[in-house]
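Taking it in order: structure first as structure tokens, then the write-up.
The figures here come from the full heavy-atom set of this structure, side chains too, leaving out hydrogens, waters and symmetry mates.
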Amino acid sequence: MKRVVLREKLRIKAPRPPKAISAAVSKSMKGNKAAGTKPELLFRKALKDIGIKGARWNPPDIPGRPDAYFPAPKLAVFINGCFWHRCKKCGYELPKANRSYWRLKFLANVLRDQKKRRRLNSMKIHHKTYWECEIAASQEKVAGRLAKLLQTLT
């Protein structure tokens, strides 16, 4: 008898964000961007400083739209913000206002990250995630670790 495994698609989408509690909060939230963030720019500079070239930045044709993609070794690099992607090392708490919204929002982010890693694995694309706190501590070390990883993959 064949064993049938059904995979239920678990998809959690955060509801529309509630109205900001102040104009300052609204302005701050609107200032968050998907690409060209400070950790990403520090990472790019560190790669340039040690001579690493050949990355495609934010390619839309790669699942998860990685911050950097190296075609030859098929390596996708993600720079995750500690607050938005829930870095375990930093342990940010939920915002005090609208906790139920934020709980769902962050859960959706984490599940989306897992989904993009599974899709990359199925396409035989290597992936590496670096955290904002790692880059802030030493972008040179992160760039050096990436250089070693690129060497092992090529």
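R65 meets the side chain to side chain contact (heavy atoms under 4.5 Å, CB included) test with N58, P60; sequence neighbours excluded. Residues satisfying the side chain to side chain contact (heavy atoms under 4.5 Å, CB included) criterion with K96, sequence neighbours excluded, are R99.
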- Applying side-chain contact (heavy atoms from CB on, under 4.5 Å), run through R145 and K128 and close with a yes or a no. CA-CA 11 Å; R145 290 198 316 254; K128 180 68 180 156; 5.7 Å; no
- Query: Between N121 and R118, does a side chain to side chain donor-acceptor pair (under 3.5 Å) hold up when you go through it step by step?
  - Reply: CA-CA 5 Å; N121 287 338; R118 283 194 305 271; over 6 Å; no
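I79 is not connected to V110 by any chain of hydrophobic side-chain contacts under 4.5 Å among Ile, Leu, Val, Met, Phe, Trp and Tyr, and they are in different clusters. Under the 4.5 Å side-chain contact rule for hydrophobic residues, I52 and L41 do not share a cluster. L111 and L120 end up in different hydrophobic clusters when Ile, Leu, Val, Met, Phe, Trp and Tyr side chains are linked at under 4.5 Å.
Side-chain contact check for W102 versus K105: some heavy-atom pair is nearer than 4.5 Å. Within the 4.5 Å cutoff, the side chain of I125 has heavy atoms near those of the Y69 side chain. Residues H126 and P73 are not in side-chain contact: their nearest non-hydrogen atoms beyond the backbone lie 4.5 Å or more apart.
The cationic atom of R103 (NZ for Lys, CZ for Arg) does not lie both less than 6.0 Å from the six-membered ring centre of Y101 and within 45° of the ring axis.
A pairwise comparison of heavy atoms in P63 and F78 identifies O-CZ, 4.1 Å as the closest pair. What you find for F106 and L94 is that their closest heavy atoms are CD1-CD2, 3.5 Å. Shown here for L150 and T154, the closest heavy-atom pair between the two residues is O-OG1, 2.9 Å. K53 and F70 make their closest contact through O-CE2, 4.0 Å (heavy atoms, listed as atom of the first residue, atom of the second, distance). When all heavy atoms of P66 and P59 are compared, the pair lying nearest together is O-CD, 3.4 Å. The heavy-atom pair separating L146 from V77 by the smallest distance is CD1-CG2, 4.0 Å.
With rounding to the nearest 0.5 Å, the separation of NZ in K116 from CZ in R119 is 11.5 Å. Atoms CG and CG, on L104 and N109 in that order, are 11.0 Å from each other to the nearest 0.5 Å.
Taking a 6.0 Å sphere around CZ of R56, one finds it holds more than 12 heavy atoms contributed by other residues, nucleotides or ligands.
Ring geometry for F43 against W57 counts as perpendicular: the plane angle is over 60°, on a 0 to 90° scale with 30° as the lower cut.
Without hydrogens or angle criteria, N80 side chain to H85 main chain gives no donor-acceptor distance under 3.5 Å. Using a distance-only test at 3.5 Å, with no hydrogens or angles considered, a donor-acceptor pair links the side chain of R86 to the main chain of Y92.
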Donor-acceptor pairs under 3.5 angstrom involving side-chain atoms of residues 135-144: please list them, not counting sequence neighbours.
from : atom 1 : to   : atom 2 : distance (Å)
S138 : OG     : K141 : N      : 3.2

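Classification of R117 and D113 as a salt-bridged pair fails, no side-chain N sitting under 4.0 Å from a carboxylate O.
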